[in-house]
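Just so you know, these numbers use all the heavy atoms, side chains as well, and skip hydrogens, waters and symmetry mates. Throughout, protein chains are lettered first and strands after them, A, B, ... in sequence-line order, and every chain is numbered starting at 1.
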Amino acid sequence: MHPLSEQEQVRHEAHAALVERGINPYPYTWNVTAHAADVLAGYDEEKHGVPGEDGKEVYRVSLAGRIMTKRVMGKAAFFDLHDSSGKLQVYARRDDLPDGFYNEVFKRLLDIGDIVGVEGFIFKTRMGEVTLHAERLELLSKALRPLPVVKEAEGKSYNEVTDKEFRYRQRYVDLTINPEVRHVFRQRAKMISTIRRFLDDHNILEVETPVLQPLYGGAAARPFITHHNALDMPLYLRIADELYLKRLIVGGFDGVYEISKDFRNEGLSRFHNPEFTMLEFYVAYKDYHWMMDFTEALIAKVATELHGTPEVQVGDYTISFASPWRRLPFFDAIAEKTGHQLLGKSREEIADVARKLHVHVDDTMGEGKLLDEIFGEFVEPHLIQPTFIIDYPVALSPLAKRHREVDGLVERFEVICNGKEVCNAFSELNDPLDQRGRFEAQVALAQAGDDEALNTIDEDYLRALEYGMPPTAGIGIGIDRLAMLMINQTSIRDVILFPLLRPEAPADETESEEKSSPEA
RNA sequence: GAUCCCGUAGCUCAGCUGGCAGAGCAUCUGACUUUUAAUCAGAGGGUCGCAGGUUCGAGCCCUGCCGGGAUCACCA
C-alpha cells in the first residue's frame with residue numbers, strides 16, 4: 001500500500017473507531033425515497049411545514065449521497081449532501097439524533113466524501129434555503145481518501161480541480177466533484193439513445209458484428225493485432241464495421257446498424273483516441289441523396305433532443321443543424337476556396353496548382369492524395385455550418401459507387417462541421433467486378449509502401465457481392481466527434497469516460513523491480 | 001515522431017537576481033443549536049515529478065528521463 005498522508009491516516013483511524021463502536025463502515029442498503037433535485041422541485045412553502053405545525057403537511061424524505069461540505073456550529077451543523085441529481089443541504093442537530101451519535105460519530109468520524117443516508121423532513125432555513133432536517137443519519141460508505149474540496153459561492157467555484165491528468169486518470173473523482181462532467185456524459189448517453197430510437201423507428205435493425213477479425217478493412221488505418229491461441233492465428237481489432245454490415249444487406253435485411261468501438265493504431269490527439277465509437281448503418285434500395293436527407297433529419301433530431309432547438313453553441317459559433325444543409329461538390333468547394341477548378345485535370349496539373357498554393361508535394365503522392373491535401377488545408381477548416389461535401393474522386397474512395405453522371409467521381413459525401421469531418425457516406429459499391437479492381441489497386445498501393453492500404457483482398461466479401469447486393473446507401477458517423485459538437489467540448493478526451501493515457505508509474509517501484517529482477 | 005508550455009502540501013496556487021519551503025481551502029485541537037466559500041482562536045502537514053551536473057549554497061541555472069497539455073506530423 002502507498003504511504004498514507006496525514007489526512008488518510010485520520011480516516012483510517014476513523015474507520016477503526018467506527019468498527020470499535022460496532023458501526024459497519026460499509027453496510028448493505030439504504031431506502032432512498034427521493035433525490036435532491038426532486039426535493040428542491042417538490043417543496044412548497046405554503047403546503048409543507050415542520051412537525052407540530054398546524055394545518056401543514058410534513059414533507060418526509062430519505063436521501064443518500066456524499067457529504068461535500070461540513071459546517072459545524074457546536075450542537076448543530078449543516079452539511080451539503082450531493083447525490084446523482086444535485087445537492088441538498090442537511091441540518092443535523094445533536095438533540096434530534098440518537099444519544100452520542102452527533103458528538104462522537106457525526107462530528108468526529110464522518111468526513112467530507114463519506115457516503116451517508118439521511119432521513120427527515122424538509123424545511124426552509126432563515127436564509128431561505130430548502131433543507132433536510134435529519135432525524136436519522138447513517139454512514140453508508142467510509143471514504144479513506146480525502147476528496148478535493150470544491151467550494152462555491154455566487155455561481156463561482158473555488159479550488160476546482162483543473163489538472164486534466166488528475167481528471168482523466170481518476171475520472172471517478174472528476175465525476176464526483178464536477179457536476180458538469182456528469183452532465184456531459186448524460187448528454188452523450190441521451191445522444192446515443194436518440195440515435196438508436198431514430199434508427200429503430202425507421203426499421204433499421206441493430207446488429208453486432210465481429211470485433212476480432214481475421215482480415216481488417218472498411219477504412220484506411222493501421223490496426224491493432226492480437227493473437228488467438230487455440231487457432232494459433234493473428235486476429236485484428238476492427239478498424240470499421242463496413243464490410244460485415246454490407247454482408248448483412250446481401251443477406252436480405254433492408255437496413256442494419258451497429259454502434260461499436262473501432263480501433264485504430266494511430267497517434268493520440270484532441271480528435272483521436274485509439275478506441276472510439278462509430279455508428280454505421282446501411283439501407284437497401286437507397287442512394288446517397290436519400291442518405292443526405294436522412295442524416296440531416298437524424299442529426300437535427302439529436303440537436304433538438306439535447307438542446308430543445310437545432311441551434312447549438314460550439315465554441316465561438318452558433319451552429320444550426322436545421323435542414324437543409326448546404327450540398328457542395330468536392331471540386332467546387334476547392335474552386336470556391338482556391339480559385340482553381342481541378343475537376344478533370346491531370347495529376348501534373350493538380351501538382352502544379354498544389355505547389356502554387358504552397359502545399360507540400362512529393363513524387364509519391366497520387367492525384368487523390370494531392371486533392372486530399374488541398375481540401376484538408378483550404379476547405380475543411382473553413383466549413384463551420386454543417387455542409388455536405390459530395391462527389392469525391394474515385395481514387396479516394398475504394399468502397400463507393402461510381403457517379404452516375406460524372407466520370408472519375410464517386411457518389412460519396414462527407415459532413416464537415418466546425419472544420420472537422422463527422423460523417424462519411426456513399427452509394428455503396430455493389431458491382432463485384434469493379435470492387436475487385438479497386439481492391440487490387442489498394443494492394444498495389446500497399447506493395448508500393450502505403451502502410452494504410454489494404455494488403456489482402458477480402459475474398460469472402462467479394463463472394464458475398466457476387467451473390468448480389470441491392471443498391472444500398474451507407475454511412476459512418478464518428479460518435480465521439482459528434483458528441484464534441486453537440487456538447488461543446490474541445491477535446492475528445494472530454495467526451496470519453498476513460499481516454500487512453502500512458503500508464504502511471506507503479507505506486508511501489510521497489511516491489512515491481514524485485515519481481516522483475518531474476519536475481520532477486 | 002517534432003516543437004513549445006507545465007509538474008511545489010490532499011486541492012487551488014505564490015515563491016523576486018540562486019540565500020531558512022509559503023498562502024487559502026482541507027486536516028487536527030478548542031469555542032459556537034438556522035449556517036452556507038460559516039465564523040473565531042491555535043496546531044500539524046513537503047522526496048519542490050525523477051536522476052545527474054554547476055555552485056559555498058538549487059524549487060529557481062544546465063543535461064537527461066518520466067508524466068500531462070497545446071500545436072504540428074500522422075489520421076479516407
Side-chain angles (χ1 to χ4, degrees), chain A residues 3-11 13-14 50 68-80 87 89-96 102 108 111-113 123-129 131 133 143 145-169 173 177 218-222 239-240 242 264-274 276 360 368-369 371-372 375-376 389 392-400 410 412 414 420-421 424-426 442 445 450-454 476 478 490-491 493 499 501-505 509:
Chain A
L4 296 184
S5 69
E6 179 198 13
Q7 290 189 55
E8 287 173 295
Q9 278 171 31
V10 168
R11 284 163 185 251
E13 283 159 18
V50 302
M68 295 298 277
T69 62
K70 222 175 154 188
R71 296 179 287 278
V72 177
M73 300 159 304
K75 299 175 187 66
F78 289 91
F79 64 91
D80 288 342
K87 69 175 175 182
Q89 179 170 259
V90 178
Y91 180 53
R93 244 173 22 174
R94 185 192 65 184
D95 298 343
D96 295 331
Y102 178 84
R108 308 186 76 89
D111 295 299
I112 289 173
F123 74 110
K124 204 167 207 172
T125 64
R126 222 179 265 163
M127 301 300 288
E129 181 156 350
T131 299
H133 188 127
R145 283 185 190 252
L147 211 54
V149 176
V150 180
K151 300 231 171 183
E152 280 170 40
E154 285 144 24
K156 279 206 285 185
S157 290
Y158 300 83
N159 300 338
E160 210 167 356
V161 176
T162 52
D163 180 2
K164 292 255 185 181
E165 183 176 3
F166 184 108
R167 294 181 43 211
Y168 297 146
R169 288 198 195 280
V173 176
I177 63 182
R222 281 178 290 174
I239 60 172
E242 176 152 0
R264 297 187 184 177
N265 206 338
E266 286 158 0
L268 302 154
S269 83
R270 203 150 67 77
F271 297 99
H272 299 88
N273 195 62
F276 62 99
H360 170 77
K369 182 81 180 163
L371 289 167
D372 200 33
F375 184 83
I389 297 296
Y392 281 69
V394 176
L396 285 173
S397 320
L399 297 164
V410 289
R412 168 179 169 193
E414 289 193 357
K420 275 281 162 187
E421 174 199 342
N424 184 22
F426 337 119
Q442 286 289 301
L445 281 176
D450 183 342
D451 57 1
E452 281 177 350
L454 298 174
T490 55
S491 171
R493 290 178 158 173
L501 299 177
R502 284 177 199 276
E504 287 177 276
E509 291 278 354

Look at all strands and tell whether [X] reaches a base, only sugar-phosphate, or nothing, counting heavy atoms closer than 4.0 Å.
X: A:K420; answer: nothing
X: A:R167; answer: nothing
X: A:R169; answer: sugar-phosphate
X: A:E414; answer: sugar-phosphate
X: A:T162; answer: sugar-phosphate
X: A:R264; answer: nothing
X: A:V150; answer: nothing
X: A:E129; answer: base
X: A:F123; answer: base
X: A:D95; answer: base
X: A:L399; answer: nothing
X: A:R93; answer: base

Check: Got a sec, which residues hit side-chain contact (heavy atoms from CB on, under 4.5 Å) with A:V50, two or more places apart in sequence or on another chain?
Finding: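 With sequence neighbours excluded, A:V50 shows a side-chain contact (heavy atoms from CB on, under 4.5 Å) to A:E53, A:F121, A:F123, given in chain and number order.
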Look at [X] and [N] and indicate whether a side-chain polar atom (N or O) is within less than 4.0 Å of OP1 or OP2.
X: A:R126; N: B:U35; result: yes
X: A:R71; N: B:U35; result: no
X: A:K369; N: B:C75; result: yes
X: A:R108; N: B:U29; result: yes
X: A:R502; N: B:C66; result: no

Note to self: Please check if the number of heavy atoms outside A:R71 that lie under 6.0 Å from its CZ is greater than 12.
What the structure shows: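 Atom CZ in A:R71 is packed in, count exceeds 12.
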How far, in whole Å, is [M] from [N] if one measures between their [atom1] atoms?
N: B:C20; M: B:G57; atom1: C1'; value: 12 Å
N: B:U36; M: B:G49; atom1: P; value: 38 Å
N: B:C62; M: B:C25; atom1: C1'; value: 37 Å
N: B:A14; M: B:C48; atom1: C1'; value: 13 Å
N: B:G19; M: B:U55; atom1: C1'; value: 12 Å

Please state how far atom [atom1] in [X] lies from atom [atom2] in [N], giving the value in whole angstrom units.
X: A:L4; N: B:A9; atom1: CG; atom2: P; result: 18 Å
X: A:E160; N: B:A37; atom1: CD; atom2: C1'; result: 13 Å
X: A:M68; N: B:C11; atom1: CE; atom2: P; result: 15 Å
X: A:F271; N: B:C74; atom1: CZ; atom2: P; result: 15 Å
X: A:H360; N: B:C74; atom1: NE2; atom2: C1'; result: 13 Å
X: A:F78; N: B:C32; atom1: CZ; atom2: P; result: 17 Å
X: A:D372; N: B:C74; atom1: CG; atom2: P; result: 10 Å
X: A:K164; N: B:U12; atom1: NZ; atom2: P; result: 14 Å

Out of [options], whichever nucleotide has its closest atom nearest the side chain of [X]:
X: A:R270; options: B:C32, B:C11, B:U71; value: B:U71
X: A:P146; options: B:G10, B:G68, B:A38; value: B:G10
X: A:R412; options: B:C74, B:U33, B:A76; value: B:A76
X: A:N424; options: B:C32, B:A76, B:U35; value: B:A76
X: A:T131; options: B:A26, B:U35, B:C32; value: B:U35
X: A:Q89; options: B:A76, B:G68, B:U36; value: B:U36
X: A:D163; options: B:U12, B:U27, B:U34; value: B:U12
X: A:S269; options: B:G30, B:A73, B:C32; value: B:A73

Margin query: Any carboxylate oxygen within less than 4.0 angstrom of a Lys/Arg side-chain nitrogen, looking at A:K70 and A:D111?
Written below: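 The answer is no: the pair does not qualify as a salt bridge.
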Margin query: Run A:D80 and A:V90 through side chain to side chain contact (heavy atoms under 4.5 Å, CB included) and show every step you take.
Written below: CA-CA 6 Å; A:D80 288 342; A:V90 178; over 6 Å; no
Pull out every protein N or O sitting under 3.5 Å from an N or O of nucleotides 22-25 of chain B, one pair per line with the distance.
{"unit_1": "B:G24", "atom_1": "N2", "unit_2": "A:N159", "atom_2": "OD1", "d": "3.0"}
{"unit_1": "B:G24", "atom_1": "N2", "unit_2": "A:N159", "atom_2": "ND2", "d": "3.3"}
{"unit_1": "B:C25", "atom_1": "O3'", "unit_2": "A:K151", "atom_2": "NZ", "d": "3.3"}

Which atom of [X] lies closest to which atom of [Y], heavy atoms considered:
X: A:T125; Y: A:Q89; result: CG2-NE2, 3.8 Å
X: A:V161; Y: A:P148; result: CG2-CB, 3.5 Å
X: A:H272; Y: A:G267; result: CB-O, 3.5 Å
X: A:P274; Y: A:L268; result: CD-CD2, 3.1 Å
X: A:Y102; Y: A:A92; result: CE1-O, 3.6 Å

Next item on the list: Kindly say whether, by distance alone, the side chain of A:T125 makes a donor-acceptor pair under 3.5 Å with the base of B:U35?
Entry: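 Checked by distance alone, the answer is yes.
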Can you check nucleotides 44-46 of chain B for protein contacts, nitrogen or oxygen pairs under 3.5 Å, and list what you find?
{"unit_1": "B:G44", "atom_1": "N2", "unit_2": "A:E6", "atom_2": "OE1", "d": "2.3"}
{"unit_1": "B:G44", "atom_1": "N2", "unit_2": "A:E6", "atom_2": "OE2", "d": "3.2"}
{"unit_1": "B:G44", "atom_1": "N3", "unit_2": "A:E6", "atom_2": "OE2", "d": "3.3"}

Margin query: Counting Watson-Crick and G-U wobble pairs with both distances under 3.5 Å, what is the dot-bracket string for RNA chain B, 5' to 3', using [ ] for crossing pairs and | for pairs to another strand?
Written below: (((((((..((((.....[..)))).(((((.......))))).....(((((..]....))))))))))))....
Next item on the list: Can you sort out the partners of A:R93 under salt bridge (Lys or Arg N to Asp or Glu O under 4.0 Å), two or more places apart, ordered by chain and number?
Entry: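 A:D96.
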Note to self: List the residues meeting salt bridge (Lys or Arg N to Asp or Glu O under 4.0 Å) with A:R412, not counting sequence neighbours, and say none if there are none.
What the structure shows: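 In terms of salt bridge (Lys or Arg N to Asp or Glu O under 4.0 Å), with neighbours along the sequence ignored, A:R412 is linked to A:E414.
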